[in-house]
Amino acid sequence: MSTSDSRPDAAVALNEVRKRYGTVQALDGVSLTVERGEFFGILGPNGAGKTTLVEIVEGLRTPDSGTVSVLGESPWPRNTPLLRRLGIQTQSSAFFTRLTAREHLETVAALYRLERPAATRALDLVDLGEQAGQRVDQLSGGQRQRLALATALIHDPELIFLDEPTAALDPAARRSLWEVLRTLKGDGRTIVYTTHHLDEAEALCDRVAIVARGTVLAVDSPRHLIKSLAAPTRLRVPAYRLGVEDVRGLPGVESAAVEGGELVISTHTANQVLLALGELVDLEEITTRTATLEDAYLELTATERRS
Ligand SMILES: Nc1ncnc2c1ncn2[C@@H]1O[C@H](COP(=O)(O)OP(=O)(O)O)[C@@H](O)[C@H]1O
Ligand SMILES: [Mg+2]
């Protein structure tokens, strides 16, 4: 990692970045690299330092020490040409609320000295064409979130930062934003984003960094993280069919407990356990859930939560 600051080909390279607010060490030596064209997720509990990390990379804050390179340049002192190449959606987006969606975007376009069609392009990109004439303060939460994204994208940036873009969305709105993000990634843009939705990170991200207390606990593809942590598969059977005592001794069963009316069995050899369970119950009564990024995340951050 020591050479991460000399990687002009990377989209983002941080080396030993530290930031302290008073007594809080928000970032405690963070090194990581985001490749161009990557969809990169930053995951971690509240207060982990995600926003601080993203805002330092965006040039909105300066670190106490360490180096940061963004598209081969330093984001500070304030680097206006670099800013033009970045699309930034912060955790609290500001709008011209009394304008319509289109007027809002035209105003932003004017600030960037862009031609008017930029507003239409941005509206289409986030699939907000039908709401173009609606006032911003009358848009739904999901529509506002998409407008915030359009605002961050209007100047056609190469590198996009999104801080919890799907935090307040209902499941359908979240899915529709996923499609927008996938399109952006398909266009060859680099996306760096934070989220608490681990299913979403698993579905969208090429790689994720898991941070806690200002340090990076792991960086890898969701698939590798799940595999390397060897989280167990969980088999569920209605608790009225089988009890803990019925399965505890079966080969391959690592643990068994009743949760919410179901017997939950953890195993790393699901086939073996399924065969044994097949002798006791109808296989259709068993639900199988293989390990997910959420399991890996919970395991990695378990020590943090206990301490
Ligand atoms: N401007 C600030 N002044 C003082 N403390 C801050 C400031 N911003 C963040 N912090 C603290 O730094 C830590 C990391 O915060 P943050 O980067 O917002 O984490 P996250 O986005 O992962 O929730 C937290 O303990 C938070 O309270
Ligand atoms: Mg945050």
Side-chain angles (χ1 to χ4, degrees), residues 11-34 38-68 70 75-78 86-95 141-142 144-146 148-149 151-152 159-169 173-174 177-178 181 190-202 204-205 207-220 222 225 293-294 296-307:
V12 178
L14 287 91
N15 194 25
E16 284 298 310
V17 170
R18 288 172 209 278
K19 177 77 177 180
R20 177 186 280 274
Y21 304 107
T23 57
V24 178
Q25 189 71 46
L27 296 180
D28 197 9
V30 169
S31 301
L32 56 85
T33 305
V34 179
E38 249 192 327
F39 200 133
F40 193 92
I42 299 174
L43 316 177
N46 288 327
K50 303 180 298 295
T51 295
T52 302
L53 176 62
V54 172
E55 292 190 348
I56 283 176
V57 175
E58 293 164 348
L60 300 176
R61 300 182 196 216
T62 50
D64 301 331
S65 63
T67 59
V68 178
V70 179
W76 69 86
R78 196 176 155 78
L86 310 182
I88 295 173
Q89 184 187 338
T90 56
Q91 227 166 340
S92 50
S93 304
F95 295 110
R144 266 185 185 230
Q145 204 69 39
R146 276 187 278 158
L149 188 58
T151 309
L159 173 55
I160 300 161
F161 295 99
L162 308 165
D163 202 355
E164 298 193 29
T166 56
L169 302 186
R174 206 149 70 83
L177 197 73
W178 290 12
L181 297 177
T190 309
I191 303 175
V192 178
Y193 101 125
T194 71
T195 186
H196 283 299
H197 295 294
L198 297 161
D199 57 331
E200 177 178 297
E202 188 173 341
L204 294 175
C205 293
R207 287 194 304 149
V208 296
I210 297 179
V211 296
R213 294 187 190 211
T215 59
V216 178
L217 302 179
V219 186
D220 212 332
L225 276 179
L293 183 61
E294 183 165 21
Y297 172 92
L298 289 174
E299 187 153 327
L300 264 170
T301 55
T303 2
E304 298 299 322
R305 275 176 286 118
R306 271 197 298 270
S307 58

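Atoms within each ligand, like the ligands themselves, are counted from 1 in listed order. For the single chain, residues carry numbers from 1 onward in sequence order. These numbers were taken from a predicted model, which means no experiment stands behind them.
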**OP:** Check whether any side-chain heavy atom of L204 lies under 4.5 Å from a side-chain heavy atom of W178, and answer yes or no.
**Re:**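 A side-chain contact under 4.5 Å exists here.
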
Subject >> Heavy-atom side-chain contact between R18 and D28 under 4.5 Å >> reply: yes

Can you pull out the closest protein heavy atom to [atom]? Residue, atom name and distance to 0.1 Å, please.
atom: atom 19 (O) of ligand 1; answer: G49 N, 3.1 Å
atom: atom 4 (C) of ligand 1; answer: Y21 CB, 3.3 Å
atom: atom 15 (O) of ligand 1; answer: T52 OG1, 4.0 Å
atom: atom 14 (C) of ligand 1; answer: G47 O, 3.4 Å
atom: atom 25 (O) of ligand 1; answer: V24 CG1, 3.5 Å

Under 3.5 Å: donor-acceptor pair, side chain of [X], backbone of [Y]:
X: S31; Y: E16; value: yes
X: Q145; Y: P165; value: yes
X: T194; Y: E164; value: yes
X: T215; Y: A212; value: yes
X: K50; Y: L43; value: no

Original post:
Below 2.8 Å, any N, O or S contact between T51 and the Mg ion (ligand 2)?
Top reply: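 Yes, since at least one N, O or S atom of T51 sits under 2.8 Å from the Mg ion (ligand 2).
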
Subject >> P45 heavy atom under 4.0 Å from ligand 1 >> reply: yes

**OP:** Please assess W76 against R78 for the test side-chain contact (heavy atoms from CB on, under 4.5 Å), listing each intermediate value before the final yes or no.
**Re:** CA-CA 5 Å; W76 69 86; R78 196 176 155 78; over 6 Å; no

**OP:** Could you tell me whether atom 27 (O) of ligand 1 has at least one protein heavy atom nearer than 4.0 Å?
**Re:** no

Subject >> Set of residues satisfying ring-ring contact (aromatic ring centres under 6.0 Å, His included) with respect to Y193, sequence neighbours excluded >> reply: F39

[X] heavy atoms, cut-off 4.0 Å: which ligand 1 atoms fall inside?
X: R61; result: 1 (N), 8 (N)
X: T51; result: 17 (O), 18 (O), 20 (P), 21 (O)
X: N46; result: 23 (O)
X: A48; result: 19 (O), 20 (P), 22 (O)

Original post:
Hey, is R20 touching ligand 1 through its side chain, its backbone, both or neither, going by heavy atoms under 4.0 Å?
Top reply: neither

